[in-house]
Protein chains: 2
Amino acid sequence: MARGSQTRQRIMDVAQEAVLDKGFDATSIDEIVANAEITKSGFFYHFRDKNALARALIERHIEIEDALFDDLFERARELSDDPLQQLLIGLKLLAELLSDIPGGHPGCIVATAAYQDRLFDNEVREANRRAVLGWRSRFRDMLETVQQTYPMNEQVSLDHLADMFSVVIEGGLVMARAVNDPRLTEQQVLLLRSYLNLLFSPASRSN
Amino acid sequence: MARGSQTRQRIMDVAQEAVLDKGFDATSIDEIVANAEITKSGFFYHFRDKNALARALIERHIEIEDALFDDLFERARELSDDPLQQLLIGLKLLAELLSDIPGGHPGCIVATAAYQDRLFDNEVREANRRAVLGWRSRFRDMLETVQQTYPMNEQVSLDHLADMFSVVIEGGLVMARAVNDPRLTEQQVLLLRSYLNLLFSPASRSN
DNA sequence: TTCAGAACCGCACTGGTGGTACAGTACCTT
DNA sequence: AAGGTACTGTACCACCAGTGCGGTTCTGAA
């Protein structure tokens with residue numbers, strides 16, 4: 001890796017840690033600069049302003065999260081051939097992953113961005129929007145496959161249902177913070193799993 | 001109303017509008033002061049610092065929201081004697097209410113507070129926590145009543161299920177912001193309704 | 001070996017913002 | 001008339017995002 005992008009990477013690492021810990025606006029550039037062992041001029045050489053940093057962080061975060069989901073449902077596919085079981089196993093794996101994070105939930109940058117709308121520029125909000133829509137189509141695809149084998153017990157929109165994955169994860173992270181209970185998100189993901197099970201399972205059965 | 005608390009109220013009104021529109025930290029005291037037609041000294045007479053304002057806003061918001069929930073489920077009780085139907089009707093009314101808000105979602109102060117942890121002091125976070133726990137016990141009570149008549153089709157924790165109300169609402173508001181679709185929250189509340197229906201209904205039926 | 005350009009450093013400065021300090025004043029009640 | 005409540009006015013401080021710009025170091029291609 002070139003010298004330049006190494007520094008850029010280091011700035012982002014330092015920034016991400018601080019942002020997840022205490023929020024974007026509570027993280028000063030001076031602080032990032034100090035921890036990344038660089039000067040303010042150096043920072044502004046790599047990022048036009050704080051918005052550019054936010055955008056870079058969000059985009060990187062999305063890539064990592066996408067790769068994580070890919071991995072997770074790939075493993076689920078290895079464990080079962082049934083599309084519904086794949087989905088249920090994937091959610092179980094996700095719940096485990098959320099509980100395994102040491103020191104609790106790191107929080108989600110997407111939510112941070114969404115709730116500080118005016119603090120960010122259009123590009124940041126667009127990156128955020130793209131990420132969320134990406135998740136929607138990802139989960140929608142999986143749900144469609146499930147539906148082909150298992151008719152729904154109650155008619156609901158697949159798009160809305162796909163959004164529910166994000167809603168439960170994001171909402172779970174927010175609430176986990178609010179009550180200071182890192183396990184809350186995991187529990188909520190399992191409830192979503194329970195819903196999907198009831199929605200698609202032919203007979204009412206517990207597992 | 002005394003002259004003092006009138007001014008205090010006006011400050012909070014002006015602040016709330018700005019905060020819901022663009023976030024807490026993006027709202028400057030100078031701006032509030034200008035719109036409330038008061039001086040900076042006047043502001044700091046009523047609020048020790050910006051944290052005190054945040055706390056007051058959250059506490060007032062919680063009261064309003066609690067009253068709103070009381071009202072909503074009171075109406076639901078008038079419409080049906082069956083505890084499950086009361087819950088389902090209440091959620092339907094909530095969804096309608098969320099879609100009726102002109103100009104889309106106002107956003108939720110609780111989430112804002114949760115995601116800017118370090119920006120606020122302990123008192124603010126405590127107020128936030130109390131609010132969320134209040135909702136938990138509110139919905140938990142309702143779910144317990146339902147469970148006495150309708151055994152669950154799948155065993156899940158009532159506490160977690162109670163939290164899911166808040167999770168779906170908060171998560172819905174976050175996602176609605178992220179994709180700029182005000183109807184998203186409403187749709188998600190209806191999905192929660194669908195889940196509860198499947199979870200408690202004796203036979204699988206649509207309604 | 002040279003040399004252009006990328007990747008920084010150093011430093012001074014601006015404007016906005018949260019917050020303090022404190023003296024003075026209008027108003028209202030007793 | 002007195003005293004508290006509810007402010008106003010002014011001056012000030014520290015911190016932070018961001019700008020400007022000249023200077024320096026490193027690196028790879030010619």
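For the numbers below, each heavy atom of this structure counts, side chains included, while hydrogens, waters and symmetry mates do not.
At distances below 3.5 Å, at least one donor-acceptor pair connects side-chain atoms of A:Asn153 with backbone N or O atoms of A:Leu198. The closest donor-acceptor contact from the side chain of A:Arg130 to the backbone of A:Glu59 lies at 3.5 Å or more, if one exists at all.
Per the geometry, CZ belonging to B:Phe24 stands 11 Å off C1' belonging to C:dG18, to the nearest Å. Atom pair B:Phe43:CZ and D:dG9:C1' shows a separation of 18 Å (rounding to whole Å applied). Atoms CD (A:Gln6) and P (C:dC8) sit 9 Å apart, rounded to a whole Å. When rounded to the nearest whole Å, the span between NZ of B:Lys50 and P of D:dA14 equals 21 Å. Rounding to whole angstrom units, CZ of residue B:Phe47 and P of C:dT17 are separated by 19 Å. Rounded to whole angstrom, the span from the OH atom of B:Tyr45 across to the C1' atom of C:dT25 amounts to 14 Å. For the pair B:Gln9 CD and D:dC7 C1', the computed distance is 18 Å after rounding to whole Å. Whole-Å rounding puts the B:Ile29 CD1 to D:dC16 C1' distance at 15 Å.
Between A:Val19 and A:Gln16, every side-chain heavy-atom pair lies at or beyond the 4.5 Å cut-off. Side-chain atoms of B:Val168 and B:Tyr195, non-hydrogen and from C-beta on, never get closer than 4.5 Å to each other.
Near DNA chain D, defined here as any heavy-atom distance below 4.0 Å, the residues from residues 30-42 of chain B are B:Ile38, B:Thr39, B:Ser41, B:Gly42, listed numerically.
In terms of phosphate contacts, B:His46 brings a side-chain nitrogen or oxygen within less than 4.0 Å of OP1 or OP2 of D:dC7. Taking 4.0 angstrom as the limit, B:Thr7 places a side-chain polar atom (N or O) nearer than this to OP1 or OP2 of D:dC7.
The distance between the ring centers of A:Tyr150 and A:Phe200 does not fall below 6.0 angstrom.
With no hydrogens or angles considered, a side-chain donor-acceptor pair links A:Glu154 and B:Asn197 at under 3.5 Å.
If you run side chain to side chain donor-acceptor pair (under 3.5 Å) between B:Glu144 and each of B:Gln147, B:Arg140, B:Gln148, only B:Arg140 comes through.
Contact annotation for B:Arg48: backbone-only contact, meaning every heavy-atom pair under 4.0 Å involves sugar-phosphate atoms and none involves a base.
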